[in-house]
A.B. asks: 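Once you've had a glance at the structure underneath, I'll fire off some questions.
Throughout, a chain's letter reflects where its sequence line sits, starting with A, and its residues are numbered from 1.
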Amino acid sequence: MSVRVRYAPSPTGLQHIGGVRTALFNYLFARSMNGSFILRLEDTDRTRSKDEYVQNLYDTFKWLGFYWDEGPDVGGPKGPYIQSERFALYREYAQKLVDMDKAYYCFCGQAKLDQKIATPAAANAAAVADVDSQEDNAQAESGYGYNRHCRSIDPAEAQRRVDAGEPYVIRLKIPLEGSTKFTDLLLGDIEWKNADVNPDPVLLKSDGFPTYHLANVVDDHTMEITHVMRAQEWIPSAPLHMLMYQAFGWTPPKLCHLPMVLGQDGQKLSKRHGATAVDEFRKKGYLKDALINYVAMLGCSYEDGRDLFSLEDLSRLFKIEHINKAPAVFDYVKLEWFNGQYIRQLTLEQLAGAMTPYLADAGLVQASPTPIEAALIAQAAPLVRERLKYLTDAPEALRFLFAEPAVPAVEEMLPKKLDAAATVRCLTTARALLVEIGVADHDTVEAAFRAKAEELGCKLGDMLMPLRMAVTGTKVSPPLFESIHALGVEKALPRIDKALAVLQAAG
RNA sequence: GUCCCCUUCGUCUAGUGGUUAGGACACCGGGUUUUCAUCCCGGCAACAGGGGUUCGACUCUCCUAGGGGAUACCA
């Protein structure tokens with residue numbers, strides 16, 4: 001049987017690193033096994049699910065270059081792939097479980113359940129404060145979870161109350177005794193005492209929508225999913241899902257719980273660790289290949305001794321056995337290195353294209369660059385390819401090409417140990433050389449500058465730094481002659497003259 | 001609290017009984033250089049602790065400690 005895996009996000013927020021990691025591993029597994037990768041939208045939380053998040057999901061994966069074989073937008077034989085469009089299915093299956101005495105109606109309202117806070121201290125306080133409700137407190141004796149109050153209601157009686165229109169949920173009957181075992185592809189055998197499983201979780205909510213557990217199991221089965229790869233935070237609900245497969249009499253898919261991705265402080269990765277929404281990485285000038293490469297290597301290895309892998313490489317080399325069990329810390333510094341690597345791998349044309357939106361955002365060029373701007377960008381690409389860590393660094397590095405820099409202050413132009421008068425001599429000489437031989441041939445200009453510097457008794461850098469300040473307005477710039485070449489000598493000269501004027505005034 | 005999972009340099013990892021424990025990022029030196037980068041060379045740095053098993057444990061096992069996760073009508 002061919003492999004079928006799915007990424008089943010809930011559109012309740014922007015796609016983040018954790019989700020992409022899960023999607024990526026599923027994707028790579030499917031591709032490496034020549035199987036199918038399926039996208040399914042788990043939008044059963046009707047208060048938190050939003051269309052904009054669905055759009056963000058599509059945008060994100062389009063940017064990353066993932067494709068799915070079956071999904072809401074591309075269709076497929078097991079659709080629909082949006083859970084809200086499968087509404088009737090879940091009630092039907094929940095009902096089956098009730099009919100088989102594997103699940104039951106529960107009439108404990110939300111208010112009663114609100115008393116079960118997640119800490120025993122708070123729960124006890126609530127119980128003490130409200131003596132009247134003690135008998136009927138929906139809290140389990142252990143202090144956690146539902147107390148199975150409605151489990152003992154006679155089915156016929158329950159049916160009458162349902163028919164009478166009383167609000168209800170459907171809960172799974174977790175066996176009181178025994179244990180549930182499953183084999184995780186990564187972690188091996190895991191066994192849970194049924195007493196430790198979430199006591200009788202809700203399957204069908206009072207609004208008629210399924211909970212994650214029901215929808216997930218029903219869909220994975222009906223969509224013939226063969227492998228479920230998800231984050232380790234799901235381990236505690238695995239036995240519950242196994243119990244459901246057992247109740248239905250279905251063969252469960254193979255489970256593989258992926259290690260978590262943590263922030264620098266060792267906690268689950270979240271917004272306070274910095275950018276976590278994928279969209280944010282894009283806006284901050286990361287390349288998708290760098291992000292994919294880096295994320296793929298979090299908690300997994302491919303070929304020893306190699307660092308750079310394309311999506312295709314990863315798809316070919318991925319092996320479940322190479323996934324680590326331990327959680328991995330997300331390291332922005334290492335990701336930065338990957339980003340630099342990928343920027344340097346871009347062709348000049350690709351880099352020019354990639355930088356353009358960022359230059360436009362900075363107001364340096366039109367959103368659709370004019371031919372002149374486009375030519376300038378093309379000339380700029382080789383100047384910065386070795387220098388960018390992020391695409392967002394491009395505007396600052398290239399501003400002098402597109403906008404007139406401020407005339408530098410005197411002290412910014414003075415090389416170490418040189419006064420204003422000496423600097424004027426350097427800059428004047430430099431100007432003359434530029435006029436005389438131009439910058440078309442960088443080696444020739446450089447040789448000329450070198451010779452002249454020696455003649456003047458100063459260092460090459462002493463001649464170049466004032467020139468750099470005058471032309472680019474900054475102490476740090478791409479190689480000067482190339483920069484002036486891209487800018488055009490005729491545009492550089494007035495800048496030099498302004499700088500000279502300032503220096504002469506000071507000298 | 002309870003249950004579950006995890007543990008090799010600061011970080012990501014290789015390693016599947018016998019290795020000088022390898023690589024990458026970061027960091028620290030040095031070189032190239034026109035500033036900044038890139039690039040090249042070198043260095044620092046780890047098997048959480050304690051019992052077993054074994055001729056021999058980073059590798060197998062147990063315990064402890066530490067970390068993480070879960071304990072919803074959210075996924």
Side-chain angles (χ1 to χ4, degrees), chain A residues 8-13 42-45 47-49 106 108-110 113-114 116-121 142-146 167-171 184 186-187 190-193 195-199 201-207 209-213 215-216 230-239 257 259-260 262 264 266-268 294 297-307 321-322 324-331 333-338 340 344 384-389 397 442 446 449-450 459-465 467-469 472 474-482:
Chain A
S10 167
T12 53
E42 307 218 331
D43 60 343
T44 54
D45 184 338
T47 59
R48 294 201 302 146
S49 294
C106 168
C108 298
Q110 187 68 61
L113 294 170
D114 282 344
K116 57 186 180 67
I117 318 296
T119 72
S142 67
Y144 295 90
Y146 177 58
Y168 67 90
V169 300
I170 292 179
R171 287 179 183 275
D184 185 283
L186 195 61
L187 273 15
I190 297 177
E191 184 169 5
W192 283 62
K193 291 195 277 296
D196 293 328
V197 177
N198 181 3
V202 169
L203 262 26
L204 200 72
K205 307 180 216 176
S206 51
D207 64 3
F209 272 81
T211 57
Y212 164 77
H213 304 296
N216 187 264
R230 64 215 329 177
Q232 284 183 2
E233 61 188 291
W234 292 105
I235 291 178
S237 51
H257 289 94
M260 309 275 303
L262 311 178
Q264 303 289 9
Q267 306 291 119
K268 198 164 141 179
Y294 177 66
M297 295 185 96
L298 273 183
C300 194
S301 63
Y302 299 84
E303 242 173 40
D304 195 24
R306 209 213 316 183
D307 305 301
E321 306 88 80
H322 287 164
N324 265 289
K325 296 178 182 180
V329 173
F330 193 93
D331 183 359
V333 176
K334 188 157 189 177
L335 172 58
E336 178 180 295
W337 177 80
F338 272 102
R344 268 161 249 141
V384 290
R385 186 162 54 175
E386 310 299 313
R387 291 173 174 71
L388 299 182
K389 286 191 290 197
H442 310 142
E446 183 177 334
F449 267 75
R450 231 175 250 291
K459 288 185 279 185
L460 178 63
D462 290 343
M463 273 181 82
L464 292 183
M465 188 47 82
L467 183 58
R468 184 188 312 284
M469 278 307 303
T472 70
T474 55
K475 281 195 158 115
V476 173
S477 81
L480 235 202
F481 301 130
E482 287 91 327

A.B. asks: Would you call A:Lys334-A:Asp331 a salt bridge at under 4.0 Å N-O?
C.D. replies: no
A.B. asks: Side-chain N or O of A:Asn324 versus OP1/OP2 of B:A14: is the shortest distance under 4.0 Å?
C.D. replies: yes
A.B. asks: State which of B:C12, B:A75, B:U35 makes the closest approach to the side chain of A:Ala328.
C.D. replies: B:C12
A.B. asks: Taking the same atom, C1', in B:U32 and in B:G42, what whole-Å distance lies between them?
C.D. replies: 15 Å
A.B. asks: Might you point out which heavy atoms bring A:Ala328 and A:Leu298 nearest each other, and give the distance in Å?
C.D. replies: CB-CD2, 3.8 Å
A.B. asks: Output the rounded distance in Å from CD (A:Glu321) to P (B:A14).
C.D. replies: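 Computing the A:Glu321:CD to B:A14:P distance gives 12 Å.
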A.B. asks: Nearest to the side chain of A:Glu386, which nucleotide is it out of B:C4, B:A75, B:U38?
C.D. replies: B:U38
A.B. asks: Between B:U33 and B:C41, how far is it from one C1' atom to the other, in whole Å?
C.D. replies: 16 Å
A.B. asks: Could you please name the partner base of B:U2, counting Watson-Crick and G-U wobble pairs only when both distances are under 3.5 Å?
C.D. replies: B:A70
A.B. asks: Does the side chain of A:Arg385 get closer than 4.0 angstrom to OP1 or OP2 of B:U38 through an N or O atom?
C.D. replies: no
A.B. asks: First locate atom CG of A:Asp184, then atom CD of A:Gln232, and finally report the distance between them rounded to the nearest 0.5 Å.
C.D. replies: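 The distance works out to 7.5 Å.
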A.B. asks: Closest to the A:Gln232 side chain: B:A75, B:U35, B:C5?
C.D. replies: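 The listed nucleotide nearest to A:Gln232's side chain is B:C5.
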A.B. asks: Report the nucleotide, chosen from B:A75, B:U35, B:A72, that has the shortest atom-to-atom distance to any side-chain atom of A:Asp45.
C.D. replies: B:A75
A.B. asks: Using the P atom as the point on both nucleotides, what is the distance between B:A37 and B:C27, in whole Å?
C.D. replies: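 Per the computed distance, 11 Å lies between those P atoms.
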A.B. asks: Pick the closest RNA chain B nucleotide for A:Ile190 and for A:Ser10 by heavy atoms, then say which residue is nearer the 5' end.
C.D. replies: A:Ile190
A.B. asks: Starting from the C-alpha separation in whole Å, work towards a yes-or-no answer on side-chain contact (heavy atoms from CB on, under 4.5 Å) for A:Phe330 and A:Leu262.
C.D. replies: CA-CA 6 Å; A:Phe330 193 93; A:Leu262 311 178; over 6 Å; no
A.B. asks: Contact class for A:Thr44 (heavy atom, under 4.0 Å): base, sugar-phosphate, or nothing?
C.D. replies: sugar-phosphate
A.B. asks: Assign each of A:Cys300 and A:Glu191 to its nearest nucleotide of RNA chain B by heavy atoms, then name whichever residue's nucleotide is nearer the 5' end.
C.D. replies: A:Glu191
A.B. asks: The test is side-chain contact (heavy atoms from CB on, under 4.5 Å); show your working for A:Ser10 and A:Tyr212 and say whether it passes.
C.D. replies: CA-CA 9 Å; A:Ser10 167; A:Tyr212 164 77; over 6 Å; no
A.B. asks: Could you work out the separation of B:U53 and B:U7 based on their P atoms and round it to a whole Å?
C.D. replies: 24 Å
A.B. asks: Before you tell me yes or no, could you show the steps for A:Asn198 and A:Tyr146 under side-chain contact (heavy atoms from CB on, under 4.5 Å), namely the whole-Å CA-CA distance, both residues' side-chain angles and the distance that decides it to 0.1 Å?
C.D. replies: CA-CA 8 Å; A:Asn198 181 3; A:Tyr146 177 58; 6.0 Å; no
A.B. asks: Distance check needed: B:A37 C1' versus A:Leu464 CG, whole Å only.
C.D. replies: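 In whole Å, B:A37 C1' and A:Leu464 CG are 16 Å from each other.
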A.B. asks: Given the P atoms of B:U19 and B:U59, what is the spacing between them in whole Å?
C.D. replies: 13 Å
A.B. asks: Sequence neighbours left out, what passes side chain to side chain contact (heavy atoms under 4.5 Å, CB included) with A:Thr474? Give chain and number order.
C.D. replies: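 Scan of A:Thr474 (side chain to side chain contact (heavy atoms under 4.5 Å, CB included), adjacent residues dropped) gives A:Thr472, A:Ser477.
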A.B. asks: At 4.0 Å (heavy atoms only), tell me whether A:Lys475 reaches a base, stays on the sugar-phosphate, or touches nothing.
C.D. replies: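 Base: the residue A:Lys475, judged by heavy atoms under 4.0 Å, touches a nucleobase.
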A.B. asks: Within the pair A:Thr211 and B:C74, is there a side-chain N or O less than 4.0 Å away from OP1 or OP2?
C.D. replies: no
A.B. asks: Within the structure shown, what part of the strands sits under 4.0 Å from A:Leu480 by heavy-atom distance: base, sugar-phosphate, or nothing?
C.D. replies: base
A.B. asks: Using the 3.5 Å cut-off, write out each protein N or O paired with an N or O of nucleotides 64-68 of chain B and the distance between them.
C.D. replies:
| residue | atom | partner | partner atom | Å |
| --- | --- | --- | --- | --- |
| B:G68 | OP1 | A:Gln267 | OE1 | 2.3 |

A.B. asks: So, for A:Cys300 and A:Asn324, which heavy atoms are closest and what is the spacing to 0.1 Å?
C.D. replies: N-ND2, 4.3 Å
A.B. asks: Can you tell me how far CE of A:Met297 sits from CZ of A:Arg306, rounded to the nearest 0.5 angstrom?
C.D. replies: 9.0 Å
A.B. asks: Quick one: A:Ile235 CD1 to B:C4 P, roughly how many Å, whole number?
C.D. replies: 12 Å
A.B. asks: Looking at A:Lys389, I'd like to know whether one of its side-chain N or O atoms comes within less than 4.0 Å of OP1 or OP2 on B:C36.
C.D. replies: no
A.B. asks: Could you tell me the Watson-Crick or G-U partner of B:U19, where both distances fall under 3.5 Å? Say none if there is no partner.
C.D. replies: none
A.B. asks: From A:His257 NE2 over to A:Leu187 CG, what is the distance, rounded to the nearest 0.5 angstrom?
C.D. replies: 8.5 Å
A.B. asks: Go through the N and O atoms of the side chain of A:Ser206 and the base of B:C73, and report whether any donor-acceptor pair is under 3.5 Å.
C.D. replies: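 Checked by distance alone, the answer is yes.
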A.B. asks: Rounding to an integer number of angstrom, what distance separates B:C60 and B:A65 when you compare their P atoms?
C.D. replies: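 Each nucleotide's P atom is 22 Å from the other's.
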A.B. asks: Return a single string for nucleotides 22-29 of chain B, one symbol per nucleotide in 5' to 3' order, where B is base contact, S is sugar-phosphate-only contact and - is none, cutoff 4.0 angstrom on heavy atoms.
C.D. replies: B-BSS---
A.B. asks: A:Leu464 versus A:Phe481: any side-chain heavy-atom pair under 4.5 Å?
C.D. replies: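 Contact flag for A:Leu464/A:Phe481 side chains = yes.
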A.B. asks: In this structure, how many angstroms lie between the P atom of B:A72 and the CG atom of A:Leu203, rounded?
C.D. replies: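 A:Leu203 atom CG is separated from B:A72 atom P by 15 Å.
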A.B. asks: Using the P atom as the point on both nucleotides, what is the distance between B:C39 and B:C44, in whole Å?
C.D. replies: 22 Å
A.B. asks: Regarding A:Glu482, tell me which of base, sugar-phosphate or nothing describes its non-hydrogen contacts under 4.0 Å with the strands shown.
C.D. replies: base
A.B. asks: Just checking A:Val169: base, sugar-phosphate only, or nothing, at a heavy-atom cut-off of under 4.0 Å?
C.D. replies: base
A.B. asks: When the C1' atoms of B:C9 and B:G15 are considered, how many whole Å apart are they?
C.D. replies: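 Comparing C1' positions in B:C9 and B:G15 gives a spacing of 14 Å.
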A.B. asks: Select one nucleotide: of B:A37, B:G69, B:A75, the one nearest the side-chain heavy atoms of A:Arg387.
C.D. replies: B:A37
A.B. asks: Could you give the CZ-to-C1' distance, from A:Arg48 to B:A75, as a whole number of Å?
C.D. replies: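 Spelled out: CZ on A:Arg48 to C1' on B:A75 is 6 Å.
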A.B. asks: Does A:Pro478 reach a base, just sugar-phosphate, or nothing at all? Heavy atoms under 4.0 Å.
C.D. replies: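 Base, at least one base atom sits under 4.0 Å.
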A.B. asks: In whole angstrom, give the distance that lies between atom CZ of A:Arg468 and atom C1' of B:U35.
C.D. replies: 4 Å
A.B. asks: Side-chain contact test, heavy atoms from C-beta onward, threshold under 4.5 Å: evaluate it for A:Leu203 versus A:Arg171 and give yes or no.
C.D. replies: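 A side-chain contact under 4.5 Å is absent here.
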A.B. asks: Provide the Watson-Crick or G-U wobble partner of B:G42, both distances under 3.5 Å; none if there is no partner.
C.D. replies: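 Base partner found: B:C28.
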A.B. asks: Tell me which nucleotide among B:U2, B:C74, B:C6 gets nearest to the side chain of A:Ala326.
C.D. replies: B:C6
A.B. asks: Tell me: CZ of A:Phe330 to P of B:U13, nearest whole Å?
C.D. replies: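 So the two atoms are 12 Å apart, to the nearest Å.
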A.B. asks: When you compare the side chain of A:Lys205 with that of A:Thr211, does any pair of heavy atoms fall below 4.5 Å?
C.D. replies: yes
A.B. asks: Does B:A65 have a Watson-Crick or wobble mate here (both distances under 3.5 Å), and if so which one?
C.D. replies: B:U7
A.B. asks: Can you check the A:Arg230 CZ to B:C4 P distance for me, whole Å?
C.D. replies: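 So the two atoms are 18 Å apart, to the nearest Å.
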A.B. asks: So which nucleotide from B:C6, B:C74, B:U35 ends up closest to the side chain of A:Leu187?
C.D. replies: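 Per side-chain heavy atoms of A:Leu187, the pick is B:C6.
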